[in-house]
Amino acid sequence: DFVAGGSVLARRNEDGPLPLEDACVLAIQVLSALAEAHGNGIVHRDVKPGNVLVDEAGNAELCDFGIARHLDATRERLTSTGISLGTLLYMAPEQRLDAHRADLTVDLYGVGTLLFRLVTDANPADLFTADIGAKRWAALPEPLRPLVWRATRTEPRDRWPSARAMAEALLAQLSPARREALVSLPGGDPARFPAPAASVRPPEALPEFDEDDEKTDEIIRPGPPGRPGKPSGAPVPKAPTASSPWPWRLGGSAVALVLAGLVLAWLRA
């Protein structure tokens with residue numbers, strides 16, 4: 001459909017950085033569209049201000065699914081391994097290496113960079129390299145900072161797990177009146193967002209084992225983003241190391257060689 005308001009990028013260029021609540025409302029509406037796509041096994045892979053249109057009422061619409069990928073294993077995959085697709089400034093690090101690996105979290109990474117650009121008017125490139133205490137994050141209002149930081153982590157498992165989870169966190173940043181107005185719109189209530197299809201979900205975090213820890217032999221499981229992993233479950237003792245027969249065999253061979261040399265020397269004498 002024709003969208004008279006143009007892109008949110010054009011709006012930002014004309015009016016400057018957006019107020020926090022305006023940017024959050026637009027991001028929640030983009031997340032609503034992504035939730036529908038993810039629920040159908042589709043990853044957009046190019047979320048950026050230029051692909052978010054604003055209608056005359058000020059509502060956002062996500063466009064340009066030209067490089068979207070359907071991750072249903074029963075359908076043809078159109079992306080070759082090792083190919084990078086998307087827009088670099090707003091692209092998750094793993095997507096730069098291989099667009100074939102993209103799951104739903106690359107879209108949430110894009111929403112994070114979208115918010116950063118709209119609110120700060122600063123370049124969002126490589127946000128995953130900056131710790132939350134870095135100077136570039138100071139441009140974001142403090143309530144929004146940890147939300148965007150989580151969306152733009154290096155590892156997919158450290159980002160928001162779904163469009164619904166990220167939208168709910170953003171909804172909490174709105175005033176009660178603005179929140180009520182948004183959830184009354186079609187697709188504006190994150191609680192009603194569809195769950196993502198299994199094919200687009202990121203892989204679950206695997207248990208990590210700290211072999212260098214001399215104080216404990218417990219399994220260290222990753223905690224929530226921004227927090228260190230904590231021991232989980234009962235201590236798991238290290239398996240006893242089975243003795244290898246090779247040292248004995250090698251030692252025996254060495255002794256045999258020495259004895260053979262002594263016998264040979266005695267015979268020659």
Side-chain angles (χ1 to χ4, degrees), residues 3 6-13 16-18 20 22-38 42-54 60-69 71 79 83-132 134 136-137 139-141 144-163 165-167 169-170 196 200 202 225:
V3 182
S7 75
V8 72
L9 183 62
R11 178 179 174 183
R12 181 202 56 79
N13 290 338
L18 296 182
L20 183 147
D22 290 351
C24 286
V25 168
L26 290 173
I28 291 169
Q29 291 175 333
V30 171
L31 288 166
S32 176
L34 289 173
E36 291 290 337
H38 297 164
I42 296 171
V43 180
H44 187 281
R45 301 196 299 182
D46 198 18
V47 177
K48 60 182 180 181
N51 284 341
V52 178
L53 306 182
V54 182
E61 296 190 21
L62 182 63
C63 69
D64 197 355
F65 280 74
I67 64 169
R69 177 180 174 221
L71 297 188
T79 305
I83 300 298
S84 174
L85 295 174
T87 304
L88 192 61
L89 292 182
Y90 305 93
M91 193 186 301
E94 71 274 16
Q95 189 178 351
R96 302 180 186 186
L97 298 175
D98 185 1
H100 187 78
R101 297 170 51 196
D103 57 45
L104 69 83
T105 64
V106 304
D107 288 344
L108 306 185
Y109 184 99
V111 175
T113 59
L114 169 72
L115 273 167
F116 186 88
R117 181 66 184 274
L118 295 181
V119 175
T120 68
D121 204 21
N123 189 324
D126 298 336
L127 284 179
F128 62 90
T129 64
D131 189 74
I132 197 167
R136 69 185 304 192
W137 288 102
L140 272 178
L144 195 58
R145 203 174 303 159
L147 307 185
V148 176
W149 185 84
R150 180 175 179 181
T152 56
R153 291 306 79 219
T154 303
E155 294 293 335
R157 66 186 182 185
D158 291 336
R159 300 173 196 154
W160 294 101
S162 66
M166 187 175 181
L170 292 172
V200 301

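Values below: every heavy atom of this structure, side chains too, minus hydrogens, waters and symmetry copies. For reference, positions follow the sequence shown, starting with 1.
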### Task
Please lay out, stage by stage, how Val8 and Leu53 fare under the test side chain to side chain contact (heavy atoms under 4.5 Å, CB included).
CA-CA 6 Å; Val8 72; Leu53 306 182; over 6 Å; no
Is the shortest heavy-atom distance from the side chain of [X] to the side chain of [Y] under 4.5 Å?
X	Y	answer
Met166	Leu147	no
Leu31	Leu170	yes
Ile132	Pro146	yes
Glu94	Val106	yes
Pro202	Leu104	yes
Leu140	Thr120	yes
Val30	Leu34	yes

Main chain of [Y], side chain of [X]: is a donor-acceptor contact present, judged purely on distance under 3.5 Å?
X	Y	result
Trp137	Asp131	yes
Asn51	Asp46	yes
Thr105	Leu108	no
Arg153	Arg159	no
His44	Asp64	yes
Gln95	Ala102	no
Ser32	Ile28	no
Trp160	Arg150	no

### Query
Which of parallel (below 30°), tilted (30 to 60°) and perpendicular (above 60°) describes Tyr109 and Phe128?
tilted
### Task
Would you sort out whether Leu89 and Asn123 count as a side chain to side chain contact (heavy atoms under 4.5 Å, CB included), showing the intermediate values?
CA-CA 8 Å; Leu89 292 182; Asn123 189 324; 3.4 Å; yes
### Polar contact flag, side-chain donor to acceptor under 3.5 angstrom, Tyr90-Arg117
yes
